[in-house]
Amino acid sequence: MINPDVQRQLEVFRKNSVDLIEEGSLARHIAKSLESGKPMRVKFGMDPSSPDLHLGHAIPLLKLRSLQELGHQIVLIVGDATAMVGDPSGRNKLRPQLTREQVEENLITYTEQAGEVLDLGATEVRRNSEWFDGMNFEELLRLASRMTVAQMIERDTFQTRMEANEPIGIHEFLYPLMQGWDSVEVKADLEIGGTDQLFNLLVGRRLQEQTKQAPQTCLTLPLINGLDGRKMSKSYGNSVGLTEAPNDMFGKVMSMEDGVMESFYRMLTPLDDAEIVALLAGHPREAKARLAEEITKVFHDGESASGARDAFDRQFREKKLPEDIAECVYDGDWAEEGVPFFALLRGVGLAKTGSDARRIIEQGGARIDGEVIREPTSLVRRPESKLLLQVGKRRFAWVLPR
RNA sequence: GGGGGGAUUCCCGAGUGGCCAAAGGGGUCAGACUGUAAAUCUGAUGGCAACGCCUUCACAGGUUCGAAUCCUGUUCCCCCCA
């Protein structure tokens, strides 16, 4: 007969999970933890290889938060040593190796961003350089001998790359071993990761067994797709950053493809199944606006979420001016007869280059005080008080005379 | 150690002496449309006070009236054999 408290916790662990290896041992872990009052040690590794976290990263973080709320001990591993190797998971290319300095920079912003979701005060944050920096060559060899090449190249990412004649660095074989070794060092009871992490998580299990520890439970969570339905990645430009301002977060969610909504609803909002189904059955625009609001609420608060919604409606449905238009000055000289429009656009940063400015203007994308101007070289005189420049639908600037 | 293939613009990838600022796709930007920063469609996408000029096809030289393309050297990568 299973203890109802265990059952209840198990539900929290299981929600949205893809792989759970394996459930029986997890139940025993939970029961033991409840009995002894000792929290489980839940490990999650972050690889500070890029400085920004996005909504995809938020999924495991939200899971960690709910486990934290159950009283378990979150052990956040900052992979400052592993980052210098580069995780081959889900990659068909050699990752660039980072330097210490780059890693150090990323690390700070990283933990800050994780703190948006997790209670860092109750979290054990460890860097894995703590144990890897002190490892000598003999120990490294011993670690490397814990797996075979056959086991390693079994991985689909390595297979794919070999077939595509893409390079694989020897050091990349070390990555799973290092991540696994982290589990040994922190005596993890459970490790969480995206589905692309399953291999690495299982290596941790293997290493723990080899070193006579109880093997960790491995829990994987779905990788969320980006706004366009492809894998979410900053380099695809389809991600939403965790720390983006409410208006941007709302707007970006509004720009997602309809088909992606459901997974976002399930992974990132607290709404229950019935409610999600009902919303998705309704008007798609309404469903998306609600989703955008819910997500903004999770990472900011209710007030800024509804504020973002109002601002969005005002700007894009009613086509009114947004409330917070940046003010700027033209840093060149206002000649007596005025400056060419394209030079002004570039000067205030609404276009990257003069050519860019000309293109925008020629295509009818630029307005002065609401009026489309199509001639790049038409002269604009220094304004008396201020001038409203607009590029496209959502870039505005007030130009002050200085 | 030997043999073969490769490096092109933000990314992927065509281009093997002039028709090349360089096909196509992705991304991005703009326009039309509306349910919206969606989808779809259209256009643009090296720089420059601009019907012209300047810079770019790994790097450095060379051949040629003319080089992304040919030659020499250098760096990096992939494959096969040992």
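Protein chains get the first letters and strands the later ones, always in sequence-line order, with residue 1 at the start of each. No experiment lies behind these values; they were computed from the predicted model shown.
Applying the side-chain hydrogen bond (donor to acceptor under 3.5 Å, both in side chains) test to Asp182(A) and every residue at least two apart in sequence or in another chain returns Asn128(A), Trp131(A). Remark: Glu23(A) engages Leu10(A), Arg14(A), Leu20(A) in a side chain to side chain contact (heavy atoms under 4.5 Å, CB included) (not counting sequence neighbours).
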Please write out each protein N/O paired with an N/O of nucleotides 75-82 of chain B under 3.5 Å, distance rounded to 0.1 Å.
unit_1, atom_1, unit_2, atom_2, d
C78(B), O2', Asn165(A), O, 3.4

Pairwise N/O distances under 3.5 Å, protein to nucleotides 38-45 of chain B:
unit_1, atom_1, unit_2, atom_2, d
A38(B), O2', Met256(A), O, 3.3
G43(B), N2, Gln363(A), OE1, 3.1
G43(B), N2, Gln363(A), NE2, 3.3
G43(B), N3, Gln363(A), OE1, 2.9
A44(B), O4', Gln363(A), OE1, 3.4

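The partner of G1(B) is C81(B), by the rule that a Watson-Crick or G-U pair needs both atom distances under 3.5 Å. Applying the Watson-Crick and G-U wobble criteria (two distances, each under 3.5 Å), U36(B) pairs with nothing in any strand. When both pairing distances are held under 3.5 Å, A44(B) makes a Watson-Crick or G-U pair with U28(B). Using N1 to N3 plus N6-O4 or O6-N4 for Watson-Crick, or N1-O2 and O6-N3 for G-U wobble, each under 3.5 Å, C57(B) pairs with nothing.
Arg395(A) comes within 4.0 angstrom of sugar-phosphate atoms only, judged by non-hydrogen atoms across all strands, and of no base. Contacts of Gly251(A) with the nucleic acid, taken as non-hydrogen atoms under 4.0 Å apart, include base atoms. Backbone-only contact: Phe342(A) has heavy atoms under 4.0 Å from sugar-phosphate atoms and none from a base. Nucleic acid contact for Gly354(A): base, since at least one base atom lies under 4.0 Å from a heavy atom of the residue.
Of all nucleotides listed (A50(B), U36(B), C29(B)), A50(B) comes nearest to the side chain of Ser355(A). Comparing atom distances between the Thr353(A) side chain and each of C29(B), U36(B), C48(B) picks out C48(B) as nearest. Counting only heavy atoms from C-beta on, Arg358(A) has its side chain closest to A49(B) among A37(B), A30(B), A49(B).
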Cut-off 3.5 Å, no hydrogens considered: what does the side-chain donor-acceptor table look like for residues 326-352 of chain A, sequence neighbours left out?
none

Identify every side-chain donor-acceptor pair in residues 217-225 of chain A under 3.5 Å, counting partners at least two apart or on other chains, and give the distances.
unit_1, atom_1, unit_2, atom_2, d
Thr220(A), OG1, Asp19(A), N, 2.9
Thr220(A), OG1, Asp19(A), OD2, 2.7
Asn225(A), ND2, Gly229(A), O, 3.3

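At G35(B), none of the side-chain N or O atoms of Arg317(A) fall inside 4.0 Å of OP1 or OP2 (strictly under the cut-off). For U36(B), one of the phosphate oxygens OP1 or OP2 lies less than 4.0 angstrom from a side-chain nitrogen or oxygen of Arg285(A).
Counting to the nearest Å, the P atom of G35(B) and the CZ atom of Arg309(A) are 16 Å from each other. When rounded to the nearest whole Å, the span between NZ of Lys320(A) and P of U36(B) equals 15 Å. As a whole-Å value, the separation of Asp356(A) CG from A30(B) P is 9 Å. Summarising the geometry, the separation between CD1 on Ile361(A) and C1' on G31(B) is reported as 15 Å, rounded to the nearest angstrom. Taking atom CZ of Arg346(A) as the reference point, atom C1' of A50(B) lies 12 Å away to the nearest angstrom. Counting to the nearest Å, the P atom of A30(B) and the CZ atom of Arg374(A) are 14 Å from each other. If you measure from atom CD1 of Ile360(A) to atom C1' of U28(B), you get 11 Å, rounded to the nearest angstrom. Rounded to an integer number of Å, the gap from CD of Gln315(A) to C1' of U36(B) is 11 Å.
Separation of the C1' atoms belonging to U9(B) and A44(B) is 15 Å when rounded to the nearest angstrom. Separating the P atom of G15(B) from that of A58(B) is a span of 15 Å, rounded to the nearest Å. Of the P atoms belonging to C20(B) and A37(B), the separation is 38 Å, rounded to the nearest Å. Taking the P atoms as reference points, G52(B) lies 13 Å from A22(B), given to the whole Å. Nucleotides G3(B) and U8(B) are separated by 26 Å at their C1' atoms, to the nearest Å. When the C1' atom is used for both G25(B) and G13(B), the distance is 8 Å, rounded to whole Å. Using atom P as the reference point in both C33(B) and G17(B), the two lie 48 Å apart (nearest Å). Comparing U42(B) with A60(B), their C1' atoms sit 45 Å apart, to the nearest whole Å.
Checked against the 6.0 Å centroid criterion, the rings of Phe13(A) and His72(A) qualify as a close aromatic pair.
When only modelled atom types and interatomic distance are considered, Asp356(A) and Thr353(A) share no side-chain donor-acceptor pair under 3.5 Å.
Judged by distance alone, the side chain of Tyr265(A) and the main-chain N or O of Ala287(A) form a donor-acceptor pair under 3.5 Å. Between the Arg41(A) side chain and the Asp189(A) main chain, no donor and acceptor come within less than 3.5 Å of each other. Distance alone, capped at 3.5 Å, is enough to place a donor-acceptor pair between the Thr296(A) side chain and the Ala292(A) backbone. Between the side chain of Lys15(A) and the main chain of Lys63(A), no donor-acceptor pair closer than 3.5 Å is present. In this structure, Ser129(A) contributes its side chain and Phe132(A) its backbone to no donor-acceptor pair below 3.5 Å.
Separation of atoms CZ (Arg155(A)) and CD1 (Ile168(A)) is listed at 10.5 Å; rounding is to 0.5 Å.
For the pair Pro284(A) and Pro340(A), nearest-nucleotide mapping onto RNA chain B gives the more 5' position to Pro284(A).
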